[in-house]
S.K.: 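Just dropping this structure here.
Positions are given from 1, in the same order as the sequence printed here. Counting convention: from 1, in listed order, for ligands and their atoms alike.
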Amino acid sequence: MALISPSRRLRRTPFSEGVEAAGVSAYTVYNHMLLPTVFASVEEDYRHLKSAVQVWDVACERQVEVRGPDAAKLVQMLSPRDLRGMLPGQCYYLPMVDETGGMLNDPVAVKLAEDRWWISIADSDLLLWVKGIAHGYRLDVLIDEPDVSPLAVQGPKSDELMARVFGDGVRDLRFFRFGFFDFQGRSMVVARSGYSKQGGFEIYVEGADIGMPLWHALMEAGRDLDVRAGCPNGIERVEGGLLSYGNDMTRDNTPHEAGLGRFCNTATAIGCIGRDALLRVAKEGPVKQVRAIEIGSTSLPRCDRPWPLMAGAKQVGQVTSAAQSPDFGCGVAIGMVRMTHWDEGTELIVETQDSAYPARVRETFWI
Ligand code: THG
C-alpha cells in the first residue's frame, strides 16, 4: 500500500514524538488520530508484550466528557447496560446503540462523579451523537472532547513498572477500577484496564504538555524490565477475543450479535434509546453471532476485508479479524457466523483474498 499523507485532520498525539523515536513502523487511523500498529514486527511485538512490559500510545481512545446535572441520565440513554449500580471509581465496558439497537460504539465509561463521566471511545464519531441527543432532549449537560490522552502500560511486568512511577498504591487497583495518582505534582486517573489480556493499566493523561515527561519517566524506570514502546497487538487481541468496532461489529449489528449480551441489561436499562428495539429482537434471539474461529493455516494474508465463511457453496458467515498465532500454531480469528453453523466444532472453509483454508468454530477464544 502507498503512504498516507499526514495533515492537520490526521491528528498526532502528545506521545507521537516518543513513538517515532522508538521506531514505529506502521500506523493506522483511529478517531482521526494516529495509532501505532507495529514497532519491530507484529510477531516480535507479540512475544515481547506477553513476556515483559510495553507503553502504548492509545491517545486515539478519545474521551467524550459529559458533565452536569443530567450526566448520568444521558449516559444511560446511550447504553443498554444498567448503570444504577455503578459507583465513582469504576469503569464499565458499555455497548452503545442507536434507536434501532445498532451498535454505535463500544467504549469504556469512566465514572469520575455522579455528574462527570468520560466515555473512552472506539473508532466512531460518538461525540456528534451524544451532542445531538443532549441538545434534542434539552439536557442540562456540557459535552466536549477534553485534552485527555490515554497511555496504556501492558504486559506481565506492568505492575512493577507502574509501582516504580506512581507508587505501590497502584498494585491494589482492582480490574476496571481507577484511582488518582500523582506524577510530577499532577493528579492522574489510573485504571487497571487495557486492550490486551496480559494485564496492565491505563493512565488518562490530562494535558498534552505532561505526555512526553510521563513517557520518558516510564521508559527510564523500566529499563531493566526491558520496557518498550508497543501498541495494541493484532495477534494477541484476537487470541483474547477483544473486539474491534468497525471491524468485528458495526452499526448493522446488535450488541447480542457482537457477543456483548453479558454487558447488557436491556430489561432494566430504563431510558436507553435503543431499548425497545433490543427488547423486540431479544425475544427471538440473534440469528448470527461473533465466534472464535480456528484456521488451519501456517501463514495468513492481512485481513483487510471480510473473508467469506463457506459451508459448501453457501456463505454462512465472515471472518472479520485474523492472524497467525505463534503460540497456538494455527490461524486465530474473529468471525460472525449464522445460527445454523455457529455450534462448537462446526467445520467451514474460509476464503481469504489469496486462498481458502479449513476453519472450525470454537467455544471460546484462546484464553
Ligand atoms: N481502553 C479505553 N478505551 C478504549 C479501549 C480500551 N476505547 C476504545 C476501545 N478500547 C473500546 N473497546 C474495548 C473492547 C474491549 C475492552 C475494552 C474496550 C475490554 N474488554 C475486556 C474483555 O472483554 O475481556 C473486559 C471487559 C469487562 O469485563 O468489563 O477490556 O481498551 N480506555
Side-chain angles (χ1 to χ4, degrees), residues 13 15 28-33 35-37 49 54-65 78-83 85-87 89-97 103-112 117-127 130 145-146 148-155 158 173-178 188-206 230-234 236-250 253 255 258-265 290-292 320-321 334 364-367:
T13 89
F15 318 109
T28 188
V29 180
Y30 194 100
N31 287 323
H32 314 275
M33 193 172 255
L35 169 61
T37 55
L49 168 64
Q54 298 184 344
V55 177
W56 294 2
D57 173 0
V58 283
C60 66
E61 296 168 354
R62 301 314 292 165
Q63 308 306 300
V64 174
E65 179 168 292
L78 303 173
S79 176
R81 184 162 176 184
D82 190 335
L83 300 176
M86 188 179 182
L87 300 169
Q90 289 189 306
C91 308
Y92 269 17
Y93 184 35
L94 275 197
M96 294 200 166
V97 298
M103 287 202 63
L104 294 178
N105 206 290
D106 69 330
V108 174
V110 180
K111 184 172 180 176
L112 298 160
W117 301 64
W118 283 340
I119 304 172
S120 186
I121 64 172
D123 187 23
S124 78
D125 293 322
L126 196 76
L127 180 78
V130 179
E145 185 186 294
V148 171
S149 296
L151 186 65
V153 175
Q154 300 284 300
S158 53
L173 276 174
R174 290 155 62 196
F175 186 60
F176 265 57
R177 302 289 174 122
F178 71 84
M188 298 188 175
V189 171
V190 176
R192 191 182 287 277
S193 57
Y195 199 63
S196 88
K197 288 287 194 180
Q198 303 311 308
F201 301 84
E202 292 178 301
I203 309 153
Y204 291 80
V205 179
E206 226 175 326
C231 53
N233 184 274
E236 194 273 347
R237 76 104 183 154
V238 171
E239 289 178 356
L242 295 172
L243 303 182
S244 166
Y245 184 78
N247 286 321
D248 303 317
M249 72 288 198
T250 69
N253 301 118
L260 298 178
R262 67 186 184 285
F263 301 107
C264 299
N265 327 85
V290 159
R291 283 291 182 274
T320 49
S321 297
I334 299 173
T364 60
F365 285 90
W366 289 261
I367 38 173

S.K.: When you look for heavy atoms under 4.0 Å from ligand 1, do you find them on the side chain of Y92, its backbone, both, or neither?
M.R.: neither
S.K.: Would you mind running through ligand 1 and noting each atom that sits below 4.0 Å from a heavy atom of R262?
M.R.: 23 (O)
S.K.: Any side-chain to backbone donor/acceptor pair from E202 onto Q154? Under 3.5 Å, distance only.
M.R.: no
S.K.: Under 4.0 Å from a heavy atom of I121: which atoms of ligand 1 are those, numbered in the order shown and with their elements?
M.R.: 7 (N), 8 (C)
S.K.: Short list, please: which atoms of ligand 1 are under 4.0 Å from a heavy atom of Y30?
M.R.: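 Per the distance check, 8 (C), 9 (C).
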S.K.: Is Y204 in polar range of ligand 1, meaning some N or O pair under 3.5 Å apart?
M.R.: yes
S.K.: Under 4.0 Å from a heavy atom of V108: give me the atoms of ligand 1 that qualify, with their elements.
M.R.: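 Taking each heavy atom of V108 in turn, ligand 1 has 1 (N), 2 (C), 17 (C), 18 (C) under 4.0 Å.
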S.K.: Give, for atom CG of D125 and atom CG of L104, the distance between the pair rounded to the nearest 0.5 Å.
M.R.: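 One gets 11.0 Å once the value is rounded to the nearest 0.5 Å.
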S.K.: Can you tell me how far the CD1 atom of I121 sits from the CG atom of N31, to the nearest 0.5 Å?
M.R.: 4.0 Å
S.K.: Donor-acceptor check, side chain of E65 to backbone of Q63, threshold 3.5 angstrom: yes or no?
M.R.: no
S.K.: Under a 4.0 angstrom heavy-atom cut-off, which atoms of ligand 1 come close to F175?
M.R.: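 Counting from 1, the qualifying ligand atoms are 25 (C), 28 (O).
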S.K.: Just which atoms of ligand 1 are under 4.0 Å from any heavy atom in D106?
M.R.: 11 (C), 12 (N), 13 (C), 14 (C)
S.K.: Heavy-atom distances under 4.0 Å decide this one: backbone, side chain, both or neither, for F263 against ligand 1?
M.R.: side chain
S.K.: Please list, in number order, the atoms of ligand 1 under 4.0 Å from a heavy atom of G194.
M.R.: 30 (O), 31 (O)
S.K.: Is the Lys NZ or Arg CZ of R237 less than 6.0 Å from the centre of Y195's six-membered ring, within 45° of the axis?
M.R.: no
S.K.: Knowing that exactly one of L151, D57, V205, V58 qualifies, which makes a side-chain contact (heavy atoms from CB on, under 4.5 Å) with T13?
M.R.: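 Single pass found, and it is D57.
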S.K.: Tell me yes or no: between the side chains of S321 and D248, is some donor less than 3.5 Å from an acceptor?
M.R.: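 Judged by distance alone, the side chains do pair up.
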S.K.: What are the atoms of ligand 1, with element, lying closer than 4.0 Å to any heavy atom of K197?
M.R.: 22 (C), 24 (O)
